[in-house]
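In what follows, a structure is listed as structure tokens, so that the remarks can point back to it.
Letters A, B, ... are given to chains in the order of the sequence lines, protein chains preceding strands, and every chain is numbered from 1.
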2 protein chains.
Amino acid sequence: MIEPYSKKKHIYQAGAKLFHEKGYAATSMRELATQVQLEVSSLYSHINSKEQILQAVCFDVVKQFADGIETIFGDTHSAKQKLKDIIELHLKIITENQTNFNVFNKEYIHMSEPKLSEFLKLKKEYEKKFISILKEGIKLGHFKNLDPVFIMKTLFNSMTWVHEYYKPNKGVDLDMINKSMYKLLISGIKKKN
Amino acid sequence: MIEPYSKKKHIYQAGAKLFHEKGYAATSMRELATQVQLEVSSLYSHINSKEQILQAVCFDVVKQFADGIETIFGDTHSAKQKLKDIIELHLKIITENQTNFNVFNKEYIHMSEPKLSEFLKLKKEYEKKFISILKEGIKLGHFKNLDPVFIMKTLFNSMTWVHEYYKPNKGVDLDMINKSMYKLLISGIKKKN
DNA sequence: GTCTATACGATGATAGAC
DNA sequence: GTCTATCATCGTATAGAC
């Protein structure tokens with residue numbers, strides 16, 4: 001293996017899993033220690049604090065969003081194509097980081113300052129680019145004339161649950177989810193006649 | 001006042017607010033006591049446990065959903081009209097119970113058995129009625145032929161954030177949100193040409 | 001109903017031996 | 001790096017005086 005087995009990584013992953021299942025505040029270091037078969041105190045040879053694990057997860061995910069939107073934002077496609085790419089980006093991140101995305105989405109609030117503000121800043125920058133793409137599409141008359149913030153929030157939240165649905169070994173793959181979600185979000189529930 | 005001031009109700013409301021702001025597990029009884037200007041021990045003259053507050057909130061909201069969908073399910077409207085009513089029901093519950101809805105949506109997991117199972121049963125029953133309405137609309141060719149579970153989950157989550165947007169004193173009222181959301185969900189982001 | 005006092009287990013984190 | 005032992009604090013909840 002290029003990447004050698006790392007106990008540190010193991011602790012981070014087990015931590016994220018517990019945060020996902022029970023919530024950050026309800027997860028104890030003792031439980032995490034049990035999961036990775038160490039005594040509690042031994043954890044601290046690998047990490048500095050419980051919150052450090054949360055920070056790593058949240059920043060990892062928010063950076064994936066930031067990088068993704070920067071690429072989309074920077075290229076020369078139409079607003080319509082960019083929106084399609086954004087939906088694809090979301091679904092890719094959510095399905096590829098099921099555990100981490102959930103922690104990012106629900107538990108970030110438990111970070112303390114100054115990390116919390118740093119995190120929120122990255123999130124805000126992402127949203128600004130998202131909104132400006134929506135604005136462009138509205139201006140060009142391709143998207144409905146609704147508040148872009150309203151559209152963005154609706155879109156973002158509409159996709160937050162898909163990790164529950166994603167079962168790649170049972171025939172529910174990313175491509176199928178992409179197509180269904182795109183149809184639903186772009187042209188709505190109503191069937192054309 | 002018809003409804004006399006009740007310290008018990010005050011405690012429940014303050015509790016829900018804290019659960020909403022900090023999460024159930026991260027909220028302490030000491031903090032709640034401070035909020036309602038009592039000593040911790042005095043709280044227990046009004047409530048039996050912290051979890052009791054969570055239970056009250058979660059069951060209150062899930063019953064609003066259950067009652068609402070039963071009415072919609074039982075009447076003679078078309079599937080299209082029923083779906084419109086469901087969207088309206090969601091938005092009404094979310095905006096009228098901003099704090100409680102959030103706790104219901106994010107913190108229910110912290111209930112212990114057997115209350116948790118009881119709660120999940122009510123939620124499931126609600127979802128079944130929702131799905132059967134979607135199935136009917138699909139069968140009649142009014143809705144797109146997508147997995148009704150996929151549609152339901154997307155719809156539900158797309159609306160979970162609107163309490164952040166609802167500012168009735170600043171011109172953002174329920175009627176406006178209803179119209180925007182209906183447009184967006186039924187016919188999508190794409191503008192007709 | 002509210003208080004003071006307290007029970008007592010769980011919490012995140014550290015010290016120091018090996 | 002891992003352990004045992006321990007710390008200080010906080011958690012929910014109770015007992016009993018007033």
Side-chain angles (χ1 to χ4, degrees), chain A residues 1 3-59 103 106-116, chain B residues 1 3-59 103 106-116:
Chain A
M1 278 195 286
E3 184 89 16
Y5 169 80
S6 151
K7 193 146 256 175
K8 188 172 172 178
K9 198 165 282 184
H10 185 196
I11 291 169
Y12 272 84
Q13 285 176 351
K17 189 159 174 259
L18 285 171
F19 295 168
H20 167 47
E21 287 165 359
K22 323 189 53 173
Y24 176 77
T27 297
S28 73
M29 294 303 273
R30 284 165 169 75
E31 214 171 347
L32 175 54
T34 304
Q35 286 293 317
V36 299
Q37 286 173 297
L38 280 177
E39 291 303 314
V40 192
S41 58
S42 305
L43 291 174
Y44 290 91
S45 295
H46 303 277
I47 59 162
N48 296 323
S49 67
K50 183 184 171 187
E51 194 184 317
Q52 197 186 48
I53 301 175
L54 178 65
Q55 289 166 8
V57 171
C58 291
F59 278 88
V103 174
K106 293 185 172 171
E107 307 296 332
Y108 74 89
I109 200 77
H110 295 106
M111 279 187 287
S112 56
E113 296 295 356
K115 286 285 175 183
L116 178 59
Chain B
M1 280 194 287
E3 183 91 14
Y5 169 81
S6 151
K7 193 146 258 178
K8 187 172 172 175
K9 199 165 282 186
H10 185 196
I11 292 168
Y12 272 85
Q13 284 174 353
K17 188 158 175 261
L18 284 171
F19 295 168
H20 168 46
E21 289 165 357
K22 322 190 50 172
Y24 175 77
T27 298
S28 73
M29 295 304 271
R30 296 183 205 279
E31 214 171 348
L32 175 55
T34 304
Q35 286 292 316
V36 298
Q37 286 173 295
L38 282 175
E39 291 303 313
V40 191
S41 59
S42 305
L43 291 175
Y44 290 91
S45 296
H46 303 277
I47 60 163
N48 296 322
S49 66
K50 181 184 170 186
E51 195 184 317
Q52 197 186 49
I53 301 175
L54 178 65
Q55 288 166 9
V57 172
C58 291
F59 277 88
V103 175
K106 292 185 173 172
E107 307 297 331
Y108 74 89
I109 199 77
H110 295 106
M111 280 188 285
S112 56
E113 297 295 355
K115 286 285 174 184
L116 178 59

Which of the following nucleotides, [options], is nearest to the side chain of [X]?
X       : options               : result
A:Val40 : C:dA13, D:dG11, D:dG1 : C:dA13
A:Ser45 : D:dT2, C:dT11, D:dT12 : D:dT2
A:His46 : D:dT2, D:dT14, C:dT11 : D:dT2

[X] [atom1] to [N] [atom2], straight-line distance once rounded to whole Å:
X       : N      : atom1 : atom2 : answer
B:Asn48 : D:dT14 : CG    : C1'   : 13 Å
A:Lys22 : C:dA10 : NZ    : P     : 12 Å
A:Leu32 : C:dG12 : CG    : P     : 9 Å
B:Ile11 : C:dT2  : CD1   : P     : 8 Å
A:Leu18 : C:dT11 : CG    : P     : 12 Å
B:Lys50 : D:dT14 : NZ    : P     : 15 Å
B:Glu39 : C:dA5  : CD    : P     : 11 Å
A:Ile47 : C:dG12 : CD1   : P     : 10 Å

Task: Side chain proximity check, B:Val57 to B:Phe19, heavy atoms < 4.5 angstrom - done: no
TODO: Give me the one residue out of A:His46, A:Gln52, A:Lys7, A:Lys17 that meets side-chain hydrogen bond (donor to acceptor under 3.5 Å, both in side chains) with A:Tyr12.
DONE: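 It is A:Gln52; the other options fail the test.
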Using a cut-off of strictly less than 4.0 Å, decide whether [X] has a side-chain nitrogen or oxygen near OP1 or OP2 of [N].
X       : N      : result
A:Lys8  : D:dG1  : no
B:Ser42 : C:dC3  : yes
B:Arg30 : D:dC10 : no
B:Ser28 : D:dG11 : yes
B:Tyr44 : D:dA13 : yes
A:Lys7  : D:dT2  : yes

Open item on the list: Base, sugar-phosphate or nothing for B:Leu38? Non-hydrogen atoms, less than 4.0 Å.
Closed with: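 The residue B:Leu38 makes sugar-phosphate contact but no base contact.
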Task: Under-3.5 Å donor-acceptor pair between A:Ser41 side chain and D:dT4 base - done: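 Donor-acceptor pair under 3.5 Å: yes.
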For the atom pair [atom1] ([X]) and [atom2] ([Y]), what is the distance rounded to the nearest 0.5 Å?
X       : Y        : atom1 : atom2 : answer
A:Leu18 : A:Glu31  : CG    : CD    : 5.5 Å
A:His20 : A:Lys106 : NE2   : NZ    : 7.5 Å
B:Met29 : B:Ile53  : CE    : CD1   : 5.0 Å

